[in-house]
Trainee: 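Please find one structure pasted underneath; my questions will follow.
Per chain, numbering begins at 1; letters A, B, ... match sequence-line order.
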Amino acid sequence: MLESKLKKIDNELKFIFYPSNNYSDISSNAPIIISKKMKVSIDTSFEMIKNKLLEKSDTELQTFNNEKTSTEHNHRNLYKYIEKAWLQNGFLNINVSDNFIISGLNNVLDDSFLEVEKKGLNVNLEYVSANPTGPLHYGNSRSVYGDSLARVLRFLGYDVLTEYYINDAGAQTITLAHSVFEEYKKISLSNKDELKNYTDLNPNKGLEILYKGQYIIDIAQKIFKNDGDIWLSKDYIEHFKKIAIYDVLQIIKKDLLSVGIEHQSWVTESSVQEKAIEAIEILRSKGLVYEGILDEKKSSKGKEYKQKLQIFASKKLGDDEDRALTKHDGARTYFANDIGYFYDKIQRKFDWLIVILGADHDSYAKRLSYAVKSLEDVKLTIKTCQMVTFKSGEEVIKLSKRSGNALSLRETVNNIGKDIFRFSMLSKNLDSHLSIDIDKIKEFSTNNPFFYIQHAYGRIASSLKNFTYSKENLYKEENNLNDDKDKVNCKTNGTSGSEIIKESILLDELGGEINSIDDFTNSMKQMSKTILEWRRIIESLSRNLEVHRISIYLNKIAENFHVLWTEGKENESSKFLHSNERLKLILCARKIIRKSLDLLGIEAYEEF
RNA sequence: GCGCUCUUAGCUCAGCUGGAUAGAGCGACGGCCUUCUAAGCCGUAGGUCGUAGGUUCGAACCCUACAGAGCGUGCCA
């Protein structure tokens, strides 16, 4: 009876293990919710829940709880561990016995805490997809978010394919060809009079603003070197486009690599032309495509066209306006081809499509999602990221791609270092408008939270090393060194290279799993709870995709560690060297920190 | 005009799908090192969470209006 009623209010109930507010070990709003729904006093509902919890195992508790706490922590038979349950401000608070926490820590030590079952779900994660018209600039800085998201989702058991969509079919690529030709002309016609008298074959030339930059000159020189001046009298567009896009993509790939990004799949706009035709027919069959003329005031700036167009009736679906699928010259719009691209994704049978767009495309997200949802009811998440502005002191650095003087992504990264760069980009919500003082994050100093975390990791390594020095036989173990996650790098004095021992051997040497902790101080408990909180935070990322929470978490666990360290400064017996329990605890922390950094795509340094 | 995002400490930002006393770093001030990395720890000062209403047992978070900032508002991509 009670259970069936409880199940109905399932989604309002929350049981939070190791809540960050530190009121208790487990906190729940159950008394408030149940008293309201069952029309009993809060005291009565609290007593009911308490009795229920104490008399049985927590299998009920799990059924009430939306979050899959079962994987987060081994808390079967929770009732055995309940030490104290009380009501405060309408909340149920539970304190658990040390053994409960210890069993959680042991799950970390045996790595089961870090294991996740495969979900059997395919995710297509598209991000960056910048036009191939030039090197990436700092405006693309947030692209590391997509990379980290891929790592997180993979960890959580999804099969993720990362993808980059190349717009190789639009007007901008023609502009690119013109831009290269402009330089090609200068190279081919070194004589100034010749240059002056040369008339371009292409009639549309000069209407657009050309791209500039060294890369344009490089491409022009390459073409001249191969072909000489033959293109002066030929239709160069297709050839120049092809070469330029290819070369620019090589640059972009290098740019991405400089921040640690490597897409698995590259799809071109030109390859999804057929899909676009198919997809539009599907939309037409659903009454969402018609031939007509768009509102005059909505038509292209300063131009009036009278040709009928194919139009997507997105207004029907909630958009502000209907959207053109073809242009006056009959060619498909970018939007139409994008529909084709997404139709292609749908046919490739992904369970979840994720797209990360720049802020300048966020109005686009709406119409795209209407089109995709009309094709098929696929799970689609479009995230837009707000812009990053960089400043140096008070001076804001301007972004201008076509003038050729935009600060490039690679320059920016090389300036401040890949890991720090990634960390600062991954510490903030994608929705927030970021303003980064380039002088500050460049500073290789204490001011940077990045070092705070790395320093904690380094100190842990140092502490474990000191322990291993005291155990000669650890060095004698020769083991397979293939498993990266299991290594403890130990640089020994004077010997060549580094000696490596396995964490599992280290753990054996420490006496294996934790049985009990004699002096379980508050700071140790705090550290333990932070460690055990990790799983809940990571799992929440598949819902909110907010990778930056890892960075925030790292800061917290690092802080907990530094406190422990300082205790050792103040009290000899609190030194790690003198406490196997403390060493095991920081071994847990080490695993968690390393895994977290790994999810961010940042290297964990043992020394620096 | 309209759409999206944002507005939290002097500055840069967190705030866990509404929860109990709003947090961190930097900056300011004051303590703590004869060896486990002071790249650290502890403390002090600093906030009517843009403004005004509403919903709720409960709001920084949801709704409405208003004010500011950024981005968009093409038959560009």
Trainee: Answer yes or no: are there more than 12 heavy-atom neighbours, outside A:K242 itself, under 6.0 Å from its atom NZ?
Mentor: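 Open: at most 12 neighbouring heavy atoms sit under 6.0 Å from NZ of A:K242.
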Trainee: When you compare B:U44 with B:G1, how far apart are their P atoms, in angstrom units rounded to a whole number?
Mentor: 48 Å
Trainee: Under the side chain to side chain contact (heavy atoms under 4.5 Å, CB included) test, which residues partner A:T333, sequence neighbours left out?
Mentor: A:A324, A:K327, A:F335, A:A336
Trainee: Could you go over nucleotides 10-13 of chain B and give all protein N or O partners under 3.5 Å, atom names and distances?
Mentor:
| from | atom 1 | to | atom 2 | distance (Å) |
| --- | --- | --- | --- | --- |
| B:U12 | O3' | A:S435 | O | 3.1 |
| B:C13 | OP1 | A:H433 | O | 3.1 |
| B:C13 | OP1 | A:S435 | N | 2.4 |

Trainee: Got a sec, which residues hit salt bridge (Lys or Arg N to Asp or Glu O under 4.0 Å) with A:E291, two or more places apart in sequence or on another chain?
Mentor: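 Partners of A:E291 under the salt bridge (Lys or Arg N to Asp or Glu O under 4.0 Å) test: A:R284.
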Trainee: Just to be sure I understand: a Watson-Crick pair is purine N1 to pyrimidine N3 plus N6-O4 or O6-N4, both under 3.5 Å. Using that and G-U wobbles, which stems of three or more pairs involve RNA chain B?
Mentor: B:1-7 with B:67-73, B:10-13 with B:23-26, B:28-32 with B:40-44, B:50-54 with B:62-66
Trainee: Roughly how many Å apart are B:C41 and B:U17, using the P atom of each and rounding to a whole number?
Mentor: 28 Å
Trainee: Would you mind classifying the nucleic acid contact of A:N29 as base, sugar-phosphate or nothing, using non-hydrogen atoms under 4.0 angstrom?
Mentor: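 Base contact.
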Trainee: Pick base, sugar-phosphate or nothing for A:H328, based on heavy-atom distances below 4.0 Å to the nucleic acid.
Mentor: base
Trainee: Mark this stacking check for A:Y23 against B:A20 as yes or no, applying ring centres under 5.5 Å and ring planes under 30°.
Mentor: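 Aromatic stack with B:A20 present for A:Y23.
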Trainee: When we call it a touch if two heavy atoms are under 4.0 Å apart, what does A:N555 touch: a base, just sugar-phosphate, or nothing?
Mentor: sugar-phosphate
Trainee: Using a 4.0 Å heavy-atom cut-off across all strands, classify A:N93 as base, sugar-phosphate, or nothing.
Mentor: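 Base, at least one base atom sits under 4.0 Å.
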Trainee: Just to be sure I understand the rule, does A:K569 reach a base, reach only the sugar-phosphate, or reach nothing, if contact means heavy atoms closer than 4.0 Å?
Mentor: base
Trainee: Collect all protein-nucleotide pairs involving nucleotides 42-46 of chain B in which both atoms are nitrogen or oxygen and the distance is under 3.5 Å.
Mentor:
none

Trainee: Applying salt bridge (Lys or Arg N to Asp or Glu O under 4.0 Å), can you list everything that pairs with A:D338, at least two apart in sequence or on another chain?
Mentor: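 A:D338: no salt bridge (Lys or Arg N to Asp or Glu O under 4.0 Å) contacts found.
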